[in-house]
Protein chains: 2
Amino acid sequence: MDSETHSTRGADPAPGPTVRDHAASGPELPHPDRAGIDLSQVLFALSDPGRRAMVRQLQDGPLEAAACTPAGTDLPKATKSHMLKVLREAGVIRNLPNPQRRGRILTLRRDDLEARFPGLIDAVLSADSPSAGG
Amino acid sequence: MDSETHSTRGADPAPGPTVRDHAASGPELPHPDRAGIDLSQVLFALSDPGRRAMVRQLQDGPLEAAACTPAGTDLPKATKSHMLKVLREAGVIRNLPNPQRRGRILTLRRDDLEARFPGLIDAVLSADSPSAGG
DNA sequence: TCCATGGTTCGACAATAGTTGAACCATGGA
DNA sequence: TCCATGGTTCAACTATTGTCGAACCATGGA
């Protein structure tokens with residue numbers, strides 16, 4: 001588990017609420033495992049333009065949470081955190097502590113989504129046209 | 001959000017034989033045109049298992065509304081009508097008067113959806129597994 | 001014309017979701 | 001150790017959705 005800094009591919013953390021010696025910053029938040037990803041929750045999470053905007057920013061790879069913002073909006077942090085929570089609990093993104101510095105790393109769970117609902121995430125993300133307006 | 005109270009009442013107390021164009025049953029409900037179909041609304045409409053169940057029944061072709069019921073549920077008709085409304089207003093289905101008999105005909109707007117959001121509707125419908133449960 | 005059928009809409013309420021200030025928490029650096 | 005940073009959670013509020021009885025409407029048939 002050394003080296004390989006930001007490629008959390010394949011394995012699901014499936015973190016229990018176990019007693020952990022916190023080496024990394026911030027709490028470890030619960031994520032559904034691949035099989036637990038629910039279609040209704042995913043569709044609902046993606047039904048919001050703001051949440052989709054964040055997801056779109058993760059298409060090219062993981063991002064620090066601080067850098068992931070819908071269109072430079074000065075969104076209150078509580079609001080942003082809530083949006084991320086909806087996406088995370090739906091299984092759309094991973095929200096893990098950044099092992100390097102302060103803050104967190106967001107990742108689109110593309111593999112898991114693709115395995116569970118083939119074609120869905122691509123269809124949604126490529127469907128997003130700016131003219132749609134909502 | 002209900003500004004669609006477009007009444008066909010007070011039709012014509014006018015004298016003389018008014019030629020009636022459409023001898024179909026029930027009101028003509030508003031549908032978004034293809035370009036007006038909004039991704040957020042579609043995803044939201046499909047984020048409910050009950051609504052998805054109805055959509056799935058329309059995969060093989062149009063159905064009389066009376067025949068389109070999620071799993072034999074004795075759903076109150078107001079509730080069912082509301083579910084259909086959400087799907088219709090999102091542009092997922094068409095809800096037209098039945099020209100033959102009483103009642104209405106429901107159609108999945110597959111072509112429109114496919115044109116607007118390629119692959120999306122198929123991904124959603126084929127993703128639906130019975131294990132999901134919610 | 002009256003009635004049953006199939007359906008929409010209204011209205012009221014319950015339940016869920018969104019927003020956001022404030023409190024709190026952990027880390028890294030001075 | 002104290003502080004700034006980046007972030008989650010709490011709590012309270014608002015807003016949107018869901019549910020469903022009742023009212024209403026149009027049609028077809030007796």
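Residue numbers begin at 1 in each chain, while the letters A, B, ... track the order of the sequences.
Remark: A:Arg101 is not in phosphate contact with D:dG6, judged by side-chain N or O atoms under 4.0 Å from OP1 or OP2. In terms of phosphate contacts, B:Asn98 brings no side-chain nitrogen or oxygen within less than 4.0 Å of OP1 or OP2 of D:dT27. Taking only side-chain nitrogens and oxygens, B:Arg51 comes nearer than 4.0 Å to OP1 or OP2 of D:dG18. Distances shorter than 4.0 Å separate none of the side-chain N or O atoms of A:Ser81 from OP1 or OP2 on D:dG7.
In this structure, C:dT27 and D:dA4 make a Watson-Crick or G-U wobble pair, each of the two defining distances being under 3.5 angstrom. Under the Watson-Crick or G-U wobble criterion, with both distances below 3.5 Å, D:dT17 is paired with C:dA14.
For B:Leu84 and C:dT8, the CG to C1' distance is 11 Å, given to the nearest whole Å. Following rounding to the nearest Å, A:Leu96 (CG) and C:dT27 (P) show an atom-to-atom distance of 15 Å. B:Arg102 has its CZ atom 7 Å from the P atom of D:dG29, to the nearest Å. A straight line from CG of A:Asp74 to C1' of C:dT19 spans 13 Å, rounded to a whole angstrom. At whole-Å resolution of the value, CG in B:Leu87 and P in D:dG18 are 10 Å apart. Rounding to whole angstrom units, NE2 of residue B:His82 and P of C:dA15 are separated by 16 Å. Here C:dT8 presents its P atom at 9 Å from CD1 of B:Ile93, a figure rounded to the nearest Å. Atom CD1 in B:Ile105 sits about 12 Å away from atom P in C:dT8, given to the nearest Å.
Each of A:Lys80 and B:Leu106 has a nearest nucleotide on DNA chain C; the 5'-most of these lies closest to B:Leu106. Of the residues near DNA chain C, A:Phe44 and A:Lys77, the one whose nearest nucleotide (by heavy atom distance) lies more toward the 5' end is A:Phe44.
When heavy atoms are screened at a 4.0 angstrom cut-off, A:Ala66 is found touching the sugar-phosphate backbone but no base atom.
Of the candidates A:Arg102, A:Arg101, A:Arg104, A:Glu64 forms a salt bridge (Lys or Arg N to Asp or Glu O under 4.0 Å) with just one, namely A:Arg101.
A salt bridge between B:Asp122 and B:Arg110 is present, with a side-chain N of the basic residue lying under 4.0 Å from a carboxylate O of the acidic one.
In this structure, B:Lys80 contributes its side chain and B:Cys68 its backbone to a donor-acceptor pair below 3.5 Å.
In this structure, CZ on A:Phe44 lies 13.5 Å from CG on A:Leu39, to the nearest 0.5 angstrom.
Side-chain atoms of A:Arg52 and B:Ser40 form a donor-acceptor pair, as typed in the model, at a separation below 3.5 Å.
Each of D:dT9, C:dT8, D:dC20 was ranked by its minimum atom distance to the side chain of B:Asn95; first place goes to C:dT8.
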